[in-house]
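Here's the structure we're looking at; comments come further down.
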Amino acid sequence: MAVSDFPTERSRQRAAEREQRAIVRQAEAAARIEARAAEREQATQQREQARLARRSEEMTRAGTRQSSRTDLDPSAEDRPKRRQSGALRRTGTVREERDTRGYQTTVDVDRLVMLAQRGTSVAGLAGAFGITVEEVTALLATAADTDADADA
């Protein structure tokens, strides 16, 4: 072996060893990635099984509660499950809504003018106060005249 061949042979050998180490590192990294993916998948399946077990247990408990509730009080099945107040829970009677169709809204001209200044349409004001569009227009006109007289 010549002296001049030694550095090139040594450098080739070192390059081959580097490549071999790189290949081993890549293989180890790929194995770690696959192992982590498998662990994540297994953990996901375990969480899903635990969730299903909890859900079935809750359903069993809810069924037991429901059956014991109806055994004690047969009319309990008729009562609503979600309650608005304690009275509804005790009696099962829903509060009656008051019929306000016959109520008349008091026409307050100042309030009508204020709403008109805020951009409410004349038709909207007429509907809200239960009067005609012509009456709203007349009230707004008289209010404008009154304001003009007060400014003068």
Side-chain angles (χ1 to χ4, degrees), residues 11 14-152:
S11 65
R14 289 175 63 200
E17 289 172 355
R18 270 196 310 272
E19 286 179 32
Q20 186 62 31
R21 285 192 307 268
I23 290 170
V24 169
R25 273 196 313 272
Q26 286 178 343
E28 289 173 349
R32 279 193 309 270
I33 289 171
E34 289 178 15
R36 287 179 185 156
E39 288 174 4
R40 279 195 303 273
E41 182 64 29
Q42 185 179 13
T44 301
Q45 290 175 356
Q46 288 174 349
R47 282 193 307 272
E48 183 66 20
Q49 288 173 353
R51 187 181 65 79
L52 290 174
R54 278 194 313 272
R55 179 177 286 164
S56 65
E57 183 182 334
E58 288 172 3
M59 295 298 283
T60 304
R61 274 191 274 148
T64 305
R65 256 194 327 263
Q66 179 66 25
S67 64
S68 66
R69 185 177 143 211
T70 54
D71 290 344
L72 296 174
D73 186 7
S75 67
E77 226 172 89
D78 301 337
R79 294 181 191 157
K81 305 300 182 266
R82 297 193 181 273
R83 299 178 176 92
Q84 297 174 357
S85 67
L88 182 60
R89 177 180 176 202
R90 287 186 302 275
T91 63
T93 306
V94 179
R95 285 181 68 184
E96 293 180 20
E97 291 295 321
R98 189 175 290 164
D99 182 17
T100 59
R101 288 177 294 181
Y103 289 14
Q104 184 176 1
T105 305
T106 304
V107 180
D108 182 7
V109 178
D110 293 333
R111 187 166 148 220
L112 192 104
V113 169
M114 178 193 62
L115 290 170
Q117 289 172 346
R118 290 185 181 175
T120 308
S121 67
V122 175
L125 291 169
F129 285 98
I131 56 178
T132 63
V133 174
E134 292 78 23
E135 288 175 300
V136 171
T137 308
L139 287 170
L140 290 174
T142 56
D145 290 343
T146 307
D147 286 344
D149 291 342
D151 291 339

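Partners of Arg47 according to the side-chain hydrogen bond (donor to acceptor under 3.5 Å, both in side chains) rule, which considers only residues two or more places apart in sequence or in another chain, are Thr44. Under the salt bridge (Lys or Arg N to Asp or Glu O under 4.0 Å) criterion, Arg55 pairs with no residue, sequence neighbours left out. Under the side-chain contact (heavy atoms from CB on, under 4.5 Å) criterion, Glu41 pairs with Gln45, not counting sequence neighbours. With sequence neighbours excluded, no residue forms a side-chain hydrogen bond (donor to acceptor under 3.5 Å, both in side chains) with Arg36.
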Please table the atom pairs, donor to acceptor, closer than 3.5 Å between any side-chain atom in residues 111-133 and protein atoms at least two apart or in another chain.
{"from": "Thr120", "atom 1": "OG1", "to": "Leu115", "atom 2": "O", "distance (Å)": "3.0"}
{"from": "Ser121", "atom 1": "OG", "to": "Gly124", "atom 2": "N", "distance (Å)": "3.0"}
{"from": "Thr132", "atom 1": "OG1", "to": "Glu135", "atom 2": "N", "distance (Å)": "3.2"}
{"from": "Thr132", "atom 1": "OG1", "to": "Glu135", "atom 2": "OE1", "distance (Å)": "3.2"}

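In summary, Arg54 and Glu58 do not engage in a salt bridge, as defined by a charged side-chain N under 4.0 Å from a carboxylate O.
Every pair tested for side chain to side chain donor-acceptor pair (under 3.5 Å) that includes a residue from residues 16-31 fails, sequence neighbours excluded, so the list is empty.
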